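Not measured: the values here are computed from a predicted model. We use all heavy atoms of the structure for the numbers below, so side chains are in, but hydrogens, waters and symmetry mates are not.
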Amino acid sequence: MHDTTGFKVFRVITVTVLAVFTLVPLYVMVGSSLKPLGDVRGAFTWWPTNLTVQPFIDMWSTVPLARYFMNSLIVSTAATIASVTIAIFAAYAVSRHRFKGRGVFTTTVLSTQMFPGVLFLLPLFVIFVNFTQTFGVQLIGTRLGLIITYLTFSLPFAIWMLAGYFDGIPRELDEAARVDGCSHIGALLRVVLPAARPGVIAVSIYAFMTAWGEVLFASVLTNDANRTLSIGLREYSTQINVYWNQVMAASLVVSVPVVIGFLLLQKQFVAGLTSGSVK
């Protein structure tokens, strides 16, 4: 009885501490976004004395935030669709077929997650330059190059996770679909894929969040025309001024798509992660 009570107290304390560490920075961000710039630069106060929504209006004109928002949305969505589509077919092949080199393939796919992304920056840059010189297709400073880059990040994890999820779906479903006249692709699309919906959603959220908040590669592979949000937010800091209240307001706005998507799909996301992790 005492152990149970002690555990409950420990759990409450732990959750409270974690909530404080999470909510206090968020509160400061919201409060700063509702203050005039002079108040943000002055002595810190927990409650804004001069509430204003002007930073949420000015942030669109101080920098071309709408363009950066559209660039991030296009790049993240395209990278997510491409990553999930390729991963579905690759994971289904790994899960349902035994082919030569299967073990090497799965090990290689998983091992790529061991290396930090910065190690791939220079190789990808050199590959893109050579590709442009050979085929005449510009990859550096374009959305296409950024989409391909983010695809290389999320695809290995997506394949590994979906393969584990497909392993948990009975093969009898495939066989029944084949008896009804479906091909392998038909069985995947009509039977297996609907059953794997939580895993697909989890992979999609992971791929989108990875692309949405990436900074390092976006700072090297983009220019003024196709700059993404993660890089565009730096433009609120100039040589003579830093618009802290607009930075906070813009940070809140750009977080909205990810937060809303996660809240709407959190059950499928958790189900996909837990199911794929135990297969």
Side-chain angles (χ1 to χ4, degrees), residues 12-77 79-80 116-118 121 141 143 146 149-150 153 205-206 208-266 269:
V12 170
I13 294 175
T14 302
V15 172
T16 302
V17 172
L18 292 177
V20 169
F21 274 97
T22 303
L23 296 178
V24 169
L26 182 61
Y27 174 78
V28 173
M29 181 183 295
V30 174
S32 299
S33 68
L34 296 173
K35 294 179 181 179
L37 184 58
D39 291 357
V40 178
R41 291 174 175 172
F44 175 77
T45 57
W46 285 101
W47 183 255
T49 55
N50 301 304
L51 287 175
T52 177
V53 295
Q54 194 62 37
F56 287 91
I57 300 174
D58 294 339
M59 68 180 185
W60 299 101
S61 56
T62 303
V63 303
L65 187 64
R67 185 176 69 198
Y68 298 157
F69 191 95
M70 185 59 62
N71 288 335
S72 289
L73 186 62
I74 293 174
V75 170
S76 300
T77 302
T80 299
V118 67
L121 179 58
R143 293 171 179 169
L146 208 56
T149 301
Y150 294 156
F153 292 161
I205 294 176
Y206 168 80
F208 188 88
M209 294 178 64
T210 299
W212 187 262
E214 202 278 326
V215 175
L216 176 62
F217 286 81
S219 64
V220 176
L221 300 177
T222 60
N223 53 31
D224 293 339
N226 49 60
R227 189 164 293 161
T228 58
L229 282 170
S230 57
I231 305 303
L233 290 178
R234 298 186 307 186
E235 295 187 9
Y236 288 104
S237 175
T238 65
Q239 293 182 351
I240 60 175
N241 205 354
V242 180
Y243 300 94
W244 291 111
N245 54 348
Q246 295 184 39
V247 172
M248 299 301 179
S251 299
L252 289 172
V253 171
V254 302
S255 301
V256 169
V258 176
V259 172
I260 292 178
F262 184 81
L263 291 177
L264 292 176
L265 302 173
Q266 61 178 328
F269 181 71

Side chains of residues 244-256: which donor-acceptor partners sit under 3.5 Å, not counting sequence neighbours?
{"residue": "Asn245", "atom": "ND2", "partner": "Lys35", "partner atom": "O", "Å": "3.2"}
{"residue": "Gln246", "atom": "OE1", "partner": "Thr62", "partner atom": "OG1", "Å": "2.6"}
{"residue": "Gln246", "atom": "NE2", "partner": "Thr62", "partner atom": "OG1", "Å": "3.4"}
{"residue": "Ser251", "atom": "OG", "partner": "Val247", "partner atom": "O", "Å": "2.7"}
{"residue": "Ser255", "atom": "OG", "partner": "Ser251", "partner atom": "O", "Å": "2.7"}

Has the side chain of Ser61 got a donor or acceptor atom that lies under 3.5 Å from a matching backbone atom of Asp58? yes

Asn226 side chain to Gly141 main-chain N or O, any donor-acceptor pair under 3.5 Å? yes

Gap separating the [atom1] atom of [X] from the [atom2] atom of [Y], nearest 0.5 angstrom:
| X | Y | atom1 | atom2 | result |
| --- | --- | --- | --- | --- |
| Met70 | Leu229 | CE | CG | 10.5 Å |
| Ile231 | Leu216 | CD1 | CG | 8.5 Å |
| Phe21 | Leu26 | CZ | CG | 15.0 Å |
| Leu34 | Asn50 | CG | CG | 11.5 Å |
| Ile74 | Thr77 | CD1 | OG1 | 8.0 Å |
| Phe69 | Leu73 | CZ | CG | 6.0 Å |

Applying side chain to side chain contact (heavy atoms under 4.5 Å, CB included), can you list everything that pairs with [X], at least two apart in sequence or on another chain?
| X | answer |
| --- | --- |
| Asp224 | Arg227 |
| Ile13 | Val9, Val17 |
| Ser76 | Phe208, Ala211, Trp212 |
| Thr52 | Pro36, Gln54, Pro55 |

Sequence neighbours excluded, the answer for ring-ring contact (aromatic ring centres under 6.0 Å, His included) partners of Trp46 is Phe44

My understanding is that only residues two or more places apart in sequence, or in another chain, count here; which of them pass side-chain hydrogen bond (donor to acceptor under 3.5 Å, both in side chains) with Ser230? Thr228

With Tyr243, which residues qualify under side-chain hydrogen bond (donor to acceptor under 3.5 Å, both in side chains), at least two apart? none

When every non-hydrogen atom of Arg143 is compared with those of Asn71, the smallest separation belongs to NH2-OD1, 2.6 Å

Minimum heavy-atom distance Val12-Thr16, with the two atoms named: O-OG1, 2.6 Å

What pairs of residues pass the ring pair (Phe, Tyr, Trp, His ring centres under 6.0 Å) test when at least one of them lies in residues 214-236, not counting sequence neighbours? Phe153-Phe217

